[in-house]
2 protein chains.
Amino acid sequence: MTDSALETTRAAQKERTRQSIMDAALRLSHEQGFAQISLRQVAREAGVVPTAFYRHFESMDQLGLALVEQSFSTLRRMIRDAQRDPDTFANIIDASAEILVRVVKQNKEHFGFVARERNSGSDVVRLAIHRELELFIAELSVVLVRLPHIGSWSSDDVRLAAGLFVRNMVYRAEQVVAMPDGRTDREEEIKDKARREMRMIVLGFEKWSSDG
Amino acid sequence: MTDSALETTRAAQKERTRQSIMDAALRLSHEQGFAQISLRQVAREAGVVPTAFYRHFESMDQLGLALVEQSFSTLRRMIRDAQRDPDTFANIIDASAEILVRVVKQNKEHFGFVARERNSGSDVVRLAIHRELELFIAELSVVLVRLPHIGSWSSDDVRLAAGLFVRNMVYRAEQVVAMPDGRTDREEEIKDKARREMRMIVLGFEKWSSDG
DNA sequence: CGAGTGAGTGAACATGCGTACACTCAAATA
DNA sequence: TATTTGAGTGTACGCATGTTCACTCACTCG
């Protein structure tokens with residue numbers, strides 16, 4: 001009846017199994033891609049019999065949707081933290097590069113999942129990711145519009161700029177995910193490239209607004 | 001013995017079958033992704049018995065590599081044509097947007113294949129695509145370096161800029177591929193967005209060189 | 001405490017898969 | 001013309017898959 005940390009109730013045990021299925025799927029996806037893995041593989045990796053899978057998800061597609069949701073809640077936490085950080089407005093570029101690399105490194109499975117499944121796999125998973133990325137771009141637009149040069153732009157232009165930013169961040173996130181664990185030199189290199197790219201884009205912003 | 005157009009020699013027939021296998025794979029990939037399709041599906045779609053597949057490719061991976069090669073030869077022809085076109089230097093942005101949409105529309109299967117399989121599927125196909133994209137970025141760098149503002153940059157910066165350009169073009173190419181056939185309004189919209197994005201990036205180029 | 005619920009089990013199934021093998025029979029070659 | 005070659009065939013195999021069904025038995029709740 002209590003909901004303490006070491007819960008042994010039925011509901012808590014079910015939740016634990018559900019999570020171990022999701023973790024197993026994330027782990028296997030990392031090596032083969034979500035669309036390539038089978039229900040039986042997931043069940044095996046999760047230490048559960050294939051039929052037990054159905055107690056938690058009605059199909060692999062539903063599992064995929066759950067993973068999309070979980071991954072993007074990580075992503076949203078990232079942008080929320082970034083907005084709270086006072087450095088963000090002082091120097092949005094360095095702060096963004098820093099936060100990007102740090103958070104992605106801490107959540108490789110989730111970001112890897114989004115980056116990988118964004119353009120492949122089942123339609124339902126791909127569409128869910130694209131919808132979430134659109135939402136993410138919309139959120140970033142709200143942040144951008146408060147920046148010095150951008151306040152006066154059309155909302156269409158802001159969206160376009162936010163899209164450029166997000167797609168570039170997703171690309172660099174992919175590289176962080178692909179990075180071998182020990183290589184902090186590669187990490188600095190990626191951070192530096194992300195920084196320079198963002199600077200190029202932001203410089204474009206400035207010129208854009210002064211032109212028109 | 002002659003090599004006329006309607007060749008019926010053994011070698012010509014073999015080539016025809018090989019091509020029909022590649023076409024079948026491209027068609028099926030469009031709907032399910034290359035990694036999801038089976039050797040037997042490909043053979044069936046090509047109108048050939050499964051074992052005949054092995055007369056032409058030793059595995060699905062080898063088929064995938066052949067498709068990467070064929071797709072990129074299309075891409076390379078595109079950039080070569082763009083360089084020949086005198087308008088390109090006069091107005092690189094409008095010309096690029098125009099060429100991008102036109103050529104991608106004419107080769108949806110190939111561009112779709114590259115866009116889709118770039119981040120998924122078998123390791124060997126993914127790595128081959130990334131290598132080819134690096135080559136493509138290198139080629140574009142050679143074009144960029146001859147533009148007014150860029151001549152004085154470090155080669156590292158040129159590469160970075162070329163990367164921004166190529167990744168954005170790949171993204172817009174994806175959209176053209178995903179576009180329903182009749183929708184020329186969507187086509188103009190994509191072209192317009194590509195143009196504005198490239199302008200933003202290029203404006204960044206100008207400021208970059210005046211700052212640095 | 002005693003009945004009922006539902007997470008997890010284990011056997012069974014039809015299906016599609018990759019690949020091995022022995023084959024045919026037209027075109028190429030000698 | 002007689003022989004060789006090799007693209008395409010047909011059968012057969014063992015294996016992994018998704019889903020079904022009847023089951024157990026610990027936990028929940030009246």
Side-chain angles (χ1 to χ4, degrees), chain A residues 1-25 27-29 31-67 121-125, chain B residues 1-25 27-29 31-67 121-125:
Chain A
M1 287 294 177
T2 70
D3 45 31
S4 78
L6 287 164
E7 202 66 68
T8 54
T9 67
R10 216 123 116 152
Q13 178 52 44
K14 179 169 188 183
E15 182 52 35
R16 235 173 281 133
T17 303
R18 183 188 150 94
Q19 194 55 54
S20 87
I21 289 175
M22 291 178 71
D23 290 349
R27 233 174 296 130
L28 292 172
S29 296
E31 290 155 8
Q32 323 181 32
F34 182 74
Q36 270 67 248
I37 66 181
S38 67
L39 186 153
R40 284 176 110 105
Q41 274 180 75
V42 174
R44 213 178 300 130
E45 176 83 12
V48 135
V49 102
T51 32
F53 178 96
Y54 292 105
R55 299 282 181 199
H56 302 275
F57 303 97
E58 72 174 21
S59 67
M60 285 294 282
D61 269 352
Q62 294 304 309
L63 207 209
L65 287 184
L67 289 173
S122 79
D123 283 0
V124 40
V125 169
Chain B
M1 287 293 177
T2 71
D3 46 32
S4 79
L6 288 164
E7 202 65 70
T8 56
T9 66
R10 218 125 115 144
Q13 178 53 43
K14 179 171 187 182
E15 181 52 33
R16 236 174 281 134
T17 303
R18 183 187 149 95
Q19 194 54 55
S20 85
I21 289 175
M22 291 177 72
D23 290 349
R27 233 175 297 131
L28 292 171
S29 295
E31 292 156 8
Q32 321 182 33
F34 181 75
Q36 269 69 246
I37 67 181
S38 67
L39 187 152
R40 285 175 109 106
Q41 275 179 76
V42 173
R44 212 179 302 131
E45 175 84 12
V48 135
V49 105
T51 34
F53 178 96
Y54 292 106
R55 298 283 181 201
H56 302 276
F57 303 97
E58 72 174 20
S59 66
M60 285 293 284
D61 270 351
Q62 294 304 311
L63 206 210
L65 286 185
L67 289 173
S122 79
D123 283 0
V124 39
V125 169

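Note on naming: letters A, B, ... go to the chains in the order of the sequence lines (proteins, then strands), and numbering restarts at 1 for each one. Since this is a predicted model, take the numbers as computed values, not measurements.
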[X] [atom1] to [N] [atom2], straight-line distance once rounded to whole Å:
X	N	atom1	atom2	value
Met60(A)	dA16(D)	CE	P	17 Å
Arg18(A)	dG8(C)	CZ	C1'	17 Å
Tyr54(A)	dA7(C)	OH	P	16 Å
Ile37(A)	dA16(D)	CD1	P	17 Å
Glu15(B)	dG6(D)	CD	C1'	16 Å
His56(A)	dT9(C)	NE2	C1'	13 Å
Arg55(A)	dC21(D)	CZ	C1'	11 Å
Glu58(A)	dT20(D)	CD	C1'	16 Å

Here the residues of residues 38-51 of chain A within 4.0 Å heavy-atom distance, strictly under, of DNA chain C are Arg40(A), Val48(A), Val49(A), Thr51(A)
How close do Arg18(A) and Phe57(A) get, heavy atom to heavy atom, and via which atoms?
-> NH1-CE2, 3.4 Å
Report the residues that fulfil side-chain contact (heavy atoms from CB on, under 4.5 Å) with Gln19(A), sequence neighbours left out, ordered by chain and then residue number.
-> Glu15(A), Met22(A), Asp23(A), Gln70(A)
CD (Gln62(B)) and CG (Leu65(B)) are apart, to the nearest 0.5 Å, by 5.5 Å
Proximity to the side chain of Lys14(B) - top-ranked nucleotide from dA7(D), dG18(D), dG8(D) = dA7(D)
Do any side-chain atoms of residues 39-56 of chain B form donor-acceptor pairs under 3.5 angstrom with protein atoms, and if so which ones, sequence neighbours left out?
from, atom 1, to, atom 2, distance (Å)
Gln41(B), OE1, Gln32(B), NE2, 3.0
Gln41(B), NE2, Ser38(B), OG, 3.4
Glu45(B), OE2, Arg27(B), NH1, 2.4

